[in-house]
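Atom set for the values below is all heavy atoms of this structure, side chains included, hydrogens, waters and symmetry mates excluded. By convention in this document, chain letters (A, B, ...) are assigned in the order of the sequence lines, proteins followed by strands, and residues within each chain are numbered from 1.
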There are 2 protein chains.
Amino acid sequence: MPTIHDIARESGVSARTVSRVLNGSDAVETGTRERVLAVMARLDYRPDPGARSLKTKRRRVVAFVVNAVASDTTMRRVETVARRFGPLGYAVMVAWADGLDAEEREIRELSMRSDALVLFSNRPGPRAAALDRLAEEGFPFLLVDPPGKVAYPAFYIDRSAGYRAAAASLAASGRRRVALLVEDFRADERIAGWKRGLEESGLVPDPALVFRTGKGFEGGRDAAEAIFARASERPDALLCHNDRMAAGLLAALPGYDIRVPRDLALVGFDDEPWAPFLDPPLSSIRQAGPDLGEALFEAVNARLADGAPFESRTFLTEPVPRASAPAPASAEQ
Amino acid sequence: MPTIHDIARESGVSARTVSRVLNGSDAVETGTRERVLAVMARLDYRPDPGARSLKTKRRRVVAFVVNAVASDTTMRRVETVARRFGPLGYAVMVAWADGLDAEEREIRELSMRSDALVLFSNRPGPRAAALDRLAEEGFPFLLVDPPGKVAYPAFYIDRSAGYRAAAASLAASGRRRVALLVEDFRADERIAGWKRGLEESGLVPDPALVFRTGKGFEGGRDAAEAIFARASERPDALLCHNDRMAAGLLAALPGYDIRVPRDLALVGFDDEPWAPFLDPPLSSIRQAGPDLGEALFEAVNARLADGAPFESRTFLTEPVPRASAPAPASAEQ
DNA sequence: TTGAAAGCGATACCAC
DNA sequence: GTGGTATCGCTTTCAA
């Protein structure tokens, strides 16, 4: 690998001048520039990014720390940011962290290797030592979708809003026993939305209609028994923690002679690509408004390029009606 | 951020000694070491990885270039490798590249920033300029799942094997008109497996039973018309390009009064997490044997730690029978 | 066991 | 316009 000095020697100029050419400085005579560029091309020279950033303090790396339950959606957002930063000469680092300790370790590690950090975090507390230190140093970092309010700039996702709208929509469709099936993690915001949506529709949220189960498909499948055991008290609508859980439950329904949506309106969350292809197509709740990945890029780039400080934002969610829980007839589309 | 010299000054030793402590050198008196460590802890010192690698030539980064059609499976493999490398002090970079040009650009870029490159590549040719250069320099890189044979170390996935076994299994179940539904990209290996599996079962592969369609769910849904239009010539089994395509087709079947598996045995590919939760649960084909992500880590780590050269390997695929295409009754489990 | 000093590959201040 | 030289933060050769 040739260095800047090889180029300098070969083209009969100083390293300083090669550096000028490299950085597109105006103060280089055209002839000189051409000559240097020719040599660079001939030797297939590319400056060492590591050596460069030692001096400039800009590493040209954006880093992500994602947590154990990182979904495909998360990775798609990382992809969006990475694709936008690529042409700008930034590389993207990703680290997976399982617990809070691992997360802090990765924060320390990656903050030494990047110019900005994006944390898809499950941190429960409003603050953390590693982040306080970063904030103190003025190192740019942004949390995405923390489970609760945090003391740092963050992009929040308001799941409550989507559940609220979905519950209201079910009530408007004439459903009277609207149940909720959740796992433990991040249940509160879902319950709050469900509750509020029903109350606003003049229904009384019945705590007995909030069911708990395990994660994912299996969680949904396993919950059917508890939900439908007593035929007399069956719900006529069910909001699930996510699409996987709804799909698992759907697969268990034939055993109970329940038809969707006739006997039960079913709604998931996440709007996974396969949701429309279940039988019946699954209603879901999805992130609404501007794309979060796109917004992430904008924010990080503005921070890095113009020093624009991060601003906390909240992204809403909204129902996606499909056959498993059609929108009420009166709904304007 | 304190530097090694701050630590040296504060603890009354030279930078050389701090460096020794940092790198766990034996030749440091215990008392000195303790003193230095104490100062490092007090000042919250962490060595700059960039400066370090300028000298050592080891960047402690493993980089991935993934292509436009990177699936969730791909990212899960990246995750596996990243999780294993994390504790070893390696960071992971990921770049997405849409076409061959973008891919070459990212190869150039990331090879300057990493110690090894893993390429989930769609490159059609057996070789490429950027890779020839890397090979010449002795830079470690490994291709994963290229669509054809390449001139470099690669991990291949033999899809043909899975389709062959699935076709044979369908024949053994008494299906006589086994069709294939593929998109254009990577159709050949699927066709070859289908053909061979049928021939080995004493059936004659009928080219008219190879259907082409677009990608994904929509591709499957849109293909139903062409496949089932003529009631007299309907296939009684269908191997699809992947699970998404199979799900799309499944969703379109009610319009043709076709029941799965009674009238049609249906098989996908990829064994996506939701496949068991379709109605009926979808048979699929999945990567068999050792986990590819795990194997990637082993290979890259062996290369980086011990200089073990990359060896090309082939990973097989195998059917996963479920209700949409049950294994033949005689099959030993 | 410890330290002075050179060097990794770039940038940038200050002369000329 | 161009070049000498110090410098970024670390590792490492060579002496002591």
Subject >> Euclidean distance, atom CZ of residue R59(A) to atom C1' of dG9(D) [Å, nearest integer] >> reply: 12 Å

Original post:
Angle, rounded to 10°, between the helical axes spanning five pairs at each terminus of the helix from dT1(C)-dA16(D) to dC16(C)-dG1(D)?
Top reply: 40°

**OP:** Could you pull out all residues at least two apart from F85(B) that satisfy ring pair (Phe, Tyr, Trp, His ring centres under 6.0 Å)?
**Re:** Y90(B), F297(B)

Original post:
Looking at T17(A), does any N or O in its side chain come under 4.0 Å of the phosphate oxygens OP1/OP2 on dG3(D)?
Top reply: yes

Original post:
Does anything in residues 100-115 of chain B pair up under side chain to side chain donor-acceptor pair (under 3.5 Å), and if so which pairs, sequence neighbours excluded?
Top reply: E103(B)-S121(B), E103(B)-R123(B), E109(B)-R113(B)

**OP:** Please name all residues satisfying ring pair (Phe, Tyr, Trp, His ring centres under 6.0 Å) with F120(B), sequence neighbours left out, ordered by chain then number.
**Re:** none

Subject >> Residue pairs passing the side chain to side chain donor-acceptor pair (under 3.5 Å) test where at least one lies in residues 127-149 of chain A, sequence neighbours excluded >> reply: R127(A)-D132(A), D132(A)-Y152(A), R133(A)-E137(A), R133(A)-D44(B), D145(A)-R159(A), D145(A)-R186(A)

**OP:** Find the distance E29(B):CD to dG3(C):P and express it as a whole number of Å.
**Re:** 11 Å

Subject >> Cationic N near anionic O, under 4.0 Å, D184(B) to K215(B) >> reply: no

**OP:** Sequence neighbours left out, what passes ring pair (Phe, Tyr, Trp, His ring centres under 6.0 Å) with F139(B)? Give chain and number order.
**Re:** none

**OP:** Among residues two or more places apart or on two chains, list those pairs meeting salt bridge (Lys or Arg N to Asp or Glu O under 4.0 Å) that have a residue in residues 29-38 of chain B.
**Re:** none

Original post:
OP1 or OP2 of dC10(D) less than 4.0 angstrom from a side-chain nitrogen or oxygen of S53(B), does that happen here?
Top reply: no

Original post:
What is the per-nucleotide protein-contact pattern of nucleotides 8-16 of chain C, from the 5' end, where B denotes a base atom under 4.0 Å from a protein heavy atom, S denotes such proximity for sugar-phosphate atoms only, and - denotes neither?
Top reply: BBSBBB---

Original post:
Partners of F310(B) by ring pair (Phe, Tyr, Trp, His ring centres under 6.0 Å), sequence neighbours excluded?
Top reply: none

